[in-house]
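Taking it in order: structure first as structure tokens, then the write-up.
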2 protein chains.
Amino acid sequence: MEQDHGVQSRSHSRPTAVSIYDIARRANVSPSTVSRALENHPRIGAETRKRIQELAREMDYVPNAVARSLIANRTWTIGMVLATIADPFMGRVVEGVEHVAIEAGFNVFVSTSQNDPQREIAVMKMLKQRRVDGIIVIASHLFDQYPRLFYRSKTPVIVINEQKPPSDAMHFVSVDDIREAYRAVEHLLKLGHSRIGYIGVTNRPKSNQHRLQGYREALQAASIPIDPALIIVPEETQDHMRIGEISLEPLLTAGATAVFCYNDAVAIGLLSACSKRGLAVPEDLSIIGFDDIDIAAYTVPPLTTVRQPRFQLGQRAMLMLLAILDGQEPENEIVPGELVIRQTTARPASDQARRQAHIPLRPVDVR
Amino acid sequence: MEQDHGVQSRSHSRPTAVSIYDIARRANVSPSTVSRALENHPRIGAETRKRIQELAREMDYVPNAVARSLIANRTWTIGMVLATIADPFMGRVVEGVEHVAIEAGFNVFVSTSQNDPQREIAVMKMLKQRRVDGIIVIASHLFDQYPRLFYRSKTPVIVINEQKPPSDAMHFVSVDDIREAYRAVEHLLKLGHSRIGYIGVTNRPKSNQHRLQGYREALQAASIPIDPALIIVPEETQDHMRIGEISLEPLLTAGATAVFCYNDAVAIGLLSACSKRGLAVPEDLSIIGFDDIDIAAYTVPPLTTVRQPRFQLGQRAMLMLLAILDGQEPENEIVPGELVIRQTTARPASDQARRQAHIPLRPVDVR
DNA sequence: ATACTGTGTGCAAACGATTGCGCATATCGG
DNA sequence: CCGATATGCGCAATCGTTTGCACACAGTAT
């Protein structure tokens with residue numbers, strides 16, 4: 001077996017910074033006095049304290065957090081692991097985490113797995129070697145393996161947006177993908193659609209599966225049979241917008257009048273394809289997304305979507321972490337989403353036509 | 001003076017992990033033997049080595065990187081400081097940095113300043129306390145103060161997208177905002193526009209100023225006087241898309257037929273406002289953005305913009321850092337952008353009308 | 001004078017690993 | 001059989017801090 005150290009590399013030594021020894025020498029005191037003076041220990045004379053603090057500033061002393069972490073057996077650091085920083089979903093979640101972390105005196109460092117399970121393992125390993133006090137993971141690719149990998153781990157791990165914890169040892173905070181997807185499709189059904197499509201992705205297998213399940217359950221509840229031709233999950237690309245774009249044609253040939261997209265990025269790609277093809281949204285096709293990323297309010301037309309409380313997800317995750325670090329055993333949490341109805345969903349065209357035909361006397365609403 | 005430690009907090013001790021001492025005890029050897037066995041030192045007997053490595057695995061030994069960093073005087077870590085992780089510009093840059101960092105055996109940790117100069121200082125301080133081997137900063141808010149703050153710092157700092165280094169001690173890799181902005185506006189001029197607007201932002205003062213300067217220079221080169229009414233820099237919000245949205249009206253009253261936007265987010269907001277107001281793009285208004293974020297190819301219509309080579313920016317920055325860590329003195333770099341012409345720019349309507357009027361015999365191109 | 005109580009400071013151990021050096025023991029050539 | 005070389009492992013110092021304890025000295029009460 002080869003022990004994997006992960007954070008090693010051959011190279012030459014760096015210039016060494018000024019330490020409390022250097023200060024002690026110049027001040028003619030012992031290092032311990034310097035240490036105490038710098039943190040305002042009461043038993044240090046006011047005179048000495050002042051002299052040392054001034055010296056420290058003059059000499060550009062920067063306390064060495066790694067030495068401190070070694071002795072304290074903690075790093076006041078929490079690591080975040082994202083699939084990619086480029087996902088517009090992540091931004092507010094990280095802000096939520098940082099918001100409470102800073103308050104509590106922790107620093108957060110984010111790393112990415114680049115959507116690669118191997119790298120996710122490597123990153124988790126690295127964070128443990130660096131002795132972060134806790135880890136928050138979003139959109140994991142190997143959650144199922146966590147019990148095996150981290151069962152005996154002392155580093156607490158919180159997972160955001162994972163639905164079914166395979167083990168009690170894991171903690172999570174999530175929105176309920178199945179339920180929120182259900183409500184999105186339900187909205188389409190209420191508008192009168194019955195030919196509703198789903199566009200899914202392959203690089204988020206778990207949540208894709210759950211949102212698809214919510215879609216199915218909603219249709220079944222409305223006694224509409226599932227038509228496989230209406231479920232599109234392109235395999236040839238990881239790019240969500242591209243996925244939306246290339247899914248339009250198959251959806252059209254399957255006769256869809258409305259589409260529930262895995263997320264807003266997919267919806268944006270679909271929107272773009274509609275425009276290029278001369279299809280009017282929502283008149284010719286209703287579209288609903290998921291996430292409510294910032295840009296969703298500024299698409300043309302503005303996107304109807306399911307909002308995930310992203311900031312809150314981050315906040316709650318960090319709060320759970322703090323609780324664990326405090327020796328408590330927090331409950332897992334499901335936070336509710338919210339249907340944000342903007343302008344990409346409407347009654348199906350056939351339905352509108354029917355209504356017009358049945359009420360010929362009432363003046364047509366041009367809006 | 002109060003010495004600021006920054007990475008401290010009161011709290012109780014964490015469970016201590018297994019160390020090489022624990023392994024040594026169980027294996028009846030000395031800690032040094034364990035250390036050498038784990039890193040496959042040749043002078044350790046094959047028998048002993050194997051026994052120790054198996055024990056280490058059994059006992060879930062995770063090497064302590066902080067102890068290692070202490071003795072090695074390096075952390076194999078580089079810190080990245082972003083204004084916010086939510087900016088779609090950042091994603092590929094971080095990927096570029098990570099790509100070469102991983103190759104070189106470094107881990108990268110990203111932190112955010114939340115667009116707050118105070119926090120940016122705090123983050124830089126924290127990174128130095130943690131003894132990262134280098135720092136890469138994007139969209140700094142206090143670059144001008146860096147010489148004062150970091151002049152005597154031993155931690156190398158690379159700044160991405162800062163134009164004028166106030167000191168030789170700083171390193172940077174950038175695209176030339178002035179030149180790229182010039183070319184964007186030039187494109188508009190070549191199409192026949194003369195009433196060209198600019199929409200700027202306040203939370204990126206330096207680059208905003210430079211892009212505005214490029215705009216000015218392009219107009220001057222075309223002998224078109226600068227009209228202040230065409231330069232909109234809303235102060236009431238930090239949200240770039242919102243800025244684009246609220247800038248449409250003043251631009252219209254100023255008689256603009258084309259707009260150069262600070263970045264793609266602004267352009268997207270403007271696009272949205274046009275749609276709501278019933279304005280056709282590019283027929284009624286030409287729009288050009290900056291950055292070429294992923295979504296720019298999927299707006300309605302697809303956005304003409306100036307591409308920044310984001311991945312490359314990150315790559316080059318990390319390569320410069322490696323060079324410095326290797327004792328070299330790298331040159332600063334300016335990497336070229338690229339005008340990406342999509343479908344939000346066209347000849348001005350008046351111009352089109354004139355052409356049609358002058359060539360009445362040729363059939364009108366309906367496209 | 002003695003015994004106390006504060007003050008102000010230093011000693012030395014610890015945190016978990018790495019590493020130069022030295023000490024055994026085994027092996028080998030002559 | 002002796003010196004030389006190779007092999008296998010341990011001792012102890014080191015990295016930069018923190019911190020329990022002891023010590024020295026001053027002032028005060030007895």
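Here is the naming used below: chain letters follow the sequence lines, and residue numbers restart at 1 for every chain.
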Rounded to whole Å, how long is the line connecting atom CG of B/N40 with atom C1' of C/dT18? 15 Å

Is the phosphate of C/dT9, meaning OP1 or OP2, less than 4.0 Å from a side-chain N or O of A/T48? yes

My understanding is that only residues two or more places apart in sequence, or in another chain, count here; which of them pass side chain to side chain contact (heavy atoms under 4.5 Å, CB included) with A/T112? A/I85, A/Q114, B/E98

Tell me whether the side-chain N/O atoms of B/S30 come closer than 4.0 Å to OP1 or OP2 in D/dG10. yes

Residues forming a side chain to side chain donor-acceptor pair (under 3.5 Å) with B/Q312, sequence neighbours excluded: none

5' priority, DNA chain D, between B/I44 and A/V18 [closest heavy atom]: B/I44

Could you list the residues that satisfy salt bridge (charged side-chain N to carboxylate O under 4.0 Å, His left out) with B/R92, not counting sequence neighbours? B/E95

Hits for side chain to side chain contact (heavy atoms under 4.5 Å, CB included) against B/I71, two or more places apart or cross-chain, chain-then-number order -> none

Sequence-distant partners of B/Q328, side chain to side chain contact (heavy atoms under 4.5 Å, CB included), two or more places apart: B/A323, B/D326

Which residues pass the salt bridge (charged side-chain N to carboxylate O under 4.0 Å, His left out) test with B/D87, not counting sequence neighbours? B/R204

With the criterion being N/O to N/O and under 3.5 Å, what pairs connect the protein with nucleotides 19-22 of chain C, and how long is each?
residue, atom, partner, partner atom, Å
C/dG20, O6, B/R36, NH2, 2.8

Under the side chain to side chain contact (heavy atoms under 4.5 Å, CB included) test, residues paired with A/S19 that sit two or more places apart: A/Y21, A/D22

Taking the nucleotide of DNA chain C with the closest heavy atom to each, which residue, B/L70 or A/R51, is nearer the 5' end? A/R51

Quickly work out the A/L38 CG to D/dT17 P distance and round it to whole Å. 9 Å

Under 4.0 angstrom, heavy atoms only, what part of the nucleic acid is B/S69 near: base, sugar-phosphate, or nothing? nothing

Side-chain H-bond candidate by donor/acceptor type, B/T33 with B/S30, under 3.5 Å: yes

Decide side chain to side chain donor-acceptor pair (under 3.5 Å) for A/R130 and A/T77; before the verdict, give the C-alpha distance in whole Å, the side-chain angles of both, and the deciding distance to 0.1 Å. CA-CA 9 Å; A/R130 297 201 185 282; A/T77 280; over 6 Å; no

Kindly calculate the angle separating the two end axes of the helix from C/dA1-D/dT30 to C/dG30-D/dC1, each obtained from five base pairs, and round it to 10 degrees. 60°

Selection residues 25-46 of chain B - residue pairs positive for ring-ring contact (aromatic ring centres under 6.0 Å, His included), sequence neighbours left out: none

Which of residues 21-29 of chain B have a heavy atom under 4.0 Å from DNA chain D? B/N28, B/V29

Applying side chain to side chain donor-acceptor pair (under 3.5 Å), can you list everything that pairs with A/Q118, at least two apart in sequence or on another chain? none

